[in-house]
Amino acid sequence: MAEPQKSWEHRLAKATDSLAIDFVESLSFDQRLYKYDIAGSIAHAEMLCEQKLLTKDDLKQIKDGLFEIAHEIEDGKFKFDKTLEDIHMAIEAALIAKVGDAGKKLHTGRSRNDQVATDIRLWMRDEIEVVQAKINLLQKAFVKLAEKYTRDIMPAFTHFQRAQPISIAAYLLSFVEQLNRDNLRLKNCRTILNVSPLGSGAIAGSSLPLDRKKTASLLGFSDITYNTIDSVSDRDFCAEFVFDCCLISTHLSKLAEDWIVFSTTEFDFIRIDDAFCTSSSMMPQKRNPDMLELMRGKTGSLYGSLMAILTILKALPTGYNRDLQDDKRHVFSASDTIEACIDMACAIVENTVFKTEKISANIDKGFLDATALAEYLVKKGVPFRTAHGIVGSLVAKCEKENKSLGETSIEDFKKFSDVICEDVYKSLGGKNVANSYATASAASPAEMAAQINYWKKHLEK
Ligand code: ARG
């Protein structure tokens, strides 16, 4: 009789139904864990050998077999057979086919439950580093662009209405700051997940003398997990990783929204390079920011992944449940999507020009200097609330007369407050105001050199 391929075919009277085979398999999407599955198996085998549960010869056969399998997968020669369900059983079956009895000893003291919990952690540890490296490149692209525009002034918006004048660099560095927090969140996620569940077995550990600290250190984990039940039951770190991706995407969607608006004829603040625009099949004049629209839209897919994973985890009975298998669909989808979005954002930031002349031609529209005028009055001893009222009335008058505050005569100013004198004009106009900010981290051109230097050093680390 031919050897059964699946270890439980002695237990179940019937072969798995073909519908069930398709329904239960994860090999189609978990094959990307193969490197980590093999690394975990090698560490496990090394430990089994040290504990005299494998001979040196068994270990050699297992390692040689696993290396061969890794090469076959990399060369596209490995046959992924979905009846074997997942990457763990596909590799184990291939190993047994190659080396026989030594291969049959590999799963000693191990379950797919601790195996998959180990694999996904190993994969995520690397993936976090990939995403962090991409974030770093995007931050550097923002800093490089900011360096070009430290002295150029643009309006800042609140409620999407003109608010106060700022250095364009300060606007750009706001994204560097957001991305820095995204990076820290990922770092924290990596710290939390970087403990080894291997040796937890199916749920309770094993009666064999497994050395969990040994496999943990061979795999570069900082420690072992301290509860075998929790080790195989939870994937909270997967939800956390997807959440971190969601927040990155939230930040990128703000960038996308800003720049879609900034590139309209109405705003005309920026020009996105042609290489990152599309046109219309009907309207010949169009330059559409489709990449940014997709970046904004993909936030929806990411939030969907988060909702999926949270729902999978909700109210699961303690212990491993097969529901958990689908975590990988959402984790992989989130990581693929966020990688593509960060790459795209980076390319667009590297290829966008701010139309500084157009922006400065309109900088005195919208009373961006009104707050600075109120602060001028405060410096002359007027209580802020009173100053706010005076400037509010001045703005209302200027708006009626279609003038800027800077076009108001001293005589007219005096009608509103007699403390105003000739020096008031130094406190008006976009450039003057942006240059007058005195608080730490303010959006003034003078602050930018120090901030840019800070980021340059920080991002090299
Ligand atoms: N492919 C499975 C997963 O991703 C492996 C664990 C299966 N364990 C089990 N006891 N059926 O979760």
Side-chain angles (χ1 to χ4, degrees), residues 4-12 14-17 19-41 43-44 69 73 78 80-96 106-127 193 196-206 215 219 225 228-242 305 308-336:
Q5 277 203 302
K6 267 197 208 165
S7 50
W8 58 71
E9 284 181 7
H10 298 290
R11 171 69 181 86
L12 302 178
K14 284 188 178 174
T16 317
D17 181 90
L19 264 181
I21 288 171
D22 284 340
F23 197 73
V24 82
E25 73 85 26
S26 55
L27 192 53
S28 53
F29 57 91
D30 69 12
Q31 45 180 276
R32 71 159 91 180
L33 293 175
Y34 81 91
K35 259 198 290 180
Y36 304 99
D37 195 72
I38 288 173
S41 288
H44 184 65
I69 291 168
I73 295 176
F78 189 85
F80 289 104
D81 173 2
K82 68 181 175 189
T83 62
L84 293 169
E85 292 191 11
D86 54 31
I87 189 65
H88 323 295
M89 296 220 289
I91 290 176
E92 192 190 353
L95 181 69
I96 292 170
L106 174 63
H107 213 53
T108 305
R110 189 174 70 171
S111 155
R112 280 186 294 161
N113 299 355
D114 60 341
Q115 194 176 357
V116 68
T118 304
D119 290 6
I120 189 84
R121 282 173 155 90
L122 291 172
W123 173 87
M124 198 170 283
R125 233 168 46 174
D126 279 2
E127 178 58 23
L193 69 84
S196 177
L198 197 56
S200 298
I203 189 161
S206 164
T215 45
L219 292 168
T225 56
T228 60
I229 303 156
D230 174 57
S231 304
V232 295
S233 300
D234 208 350
R235 298 284 157 82
D236 51 2
F237 58 93
C238 294
E240 187 154 344
F241 171 75
V242 176
S305 298
I309 201 147
L310 288 172
T311 311
I312 287 170
L313 296 179
K314 178 186 176 288
L316 272 189
T318 296
Y320 175 83
N321 298 275
R322 197 62 178 254
D323 315 43
L324 291 173
Q325 174 165 286
D326 268 354
D327 66 344
K328 286 172 283 302
R329 290 181 193 278
H330 308 293
V331 164
F332 294 156
S333 157
S335 70
D336 290 345

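Residue indices begin at 1 and follow the sequence shown. Note that ligands are numbered from 1 as they come in the structure, with each ligand's atoms numbered from 1 the same way.
- Here is the list of ligand 1 atoms found below 4.0 Å of a heavy atom in Gln325: 1 (N), 2 (C), 3 (C), 4 (O), 12 (O).
- The Ser26 neighbourhood of ligand 1 comprises atoms 1 (N), with distances under 4.0 Å to a heavy atom of that residue.
- A donor-acceptor contact shorter than 3.5 Å is absent between the side chain of Ser200 and the backbone of Gly205.
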Yes or no on side chain to side chain contact (heavy atoms under 4.5 Å, CB included) for His44 and Gln115, after CA distance, side-chain angles and deciding distance? CA-CA 10 Å; His44 184 65; Gln115 194 176 357; over 6 Å; no
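- Side chains of Thr228 and Ile203 form no contact here, defined as non-hydrogen atoms less than 4.5 Å apart.
- Nearest heavy-atom pair across Ser231 and Thr225 is OG-OG1, 2.6 Å.
- The ligand atoms of ligand 1 that sit less than 4.0 angstrom from a heavy atom of Arg322 are 11 (N).
- With a 4.5 Å cut-off on side-chain heavy atoms, Ser233 and Leu316 do not count as touching.
- Near Val116, meaning under 4.0 Å from one of its heavy atoms, ligand 1 places the atoms 3 (C), 4 (O), 12 (O).
- Scanning the protein heavy atoms around atom 5 (C) of ligand 1, the nearest turns out to be Asp86 OD2, 3.4 Å.
- The closest protein non-hydrogen atom to atom 12 (O) of ligand 1 is Tyr320 OH, 2.4 Å.
- Within ligand 1, the atoms closer than 4.0 Å to a non-hydrogen atom of Lys328 are 3 (C), 4 (O), numbered from 1 in the order shown.
- Considering only heavy atoms from C-beta on, Leu193 stays 4.5 Å or farther from Phe241 through its side chain.
- Some N or O of Asn113 is nearer than 3.5 Å to an N or O of ligand 1, by distance alone.
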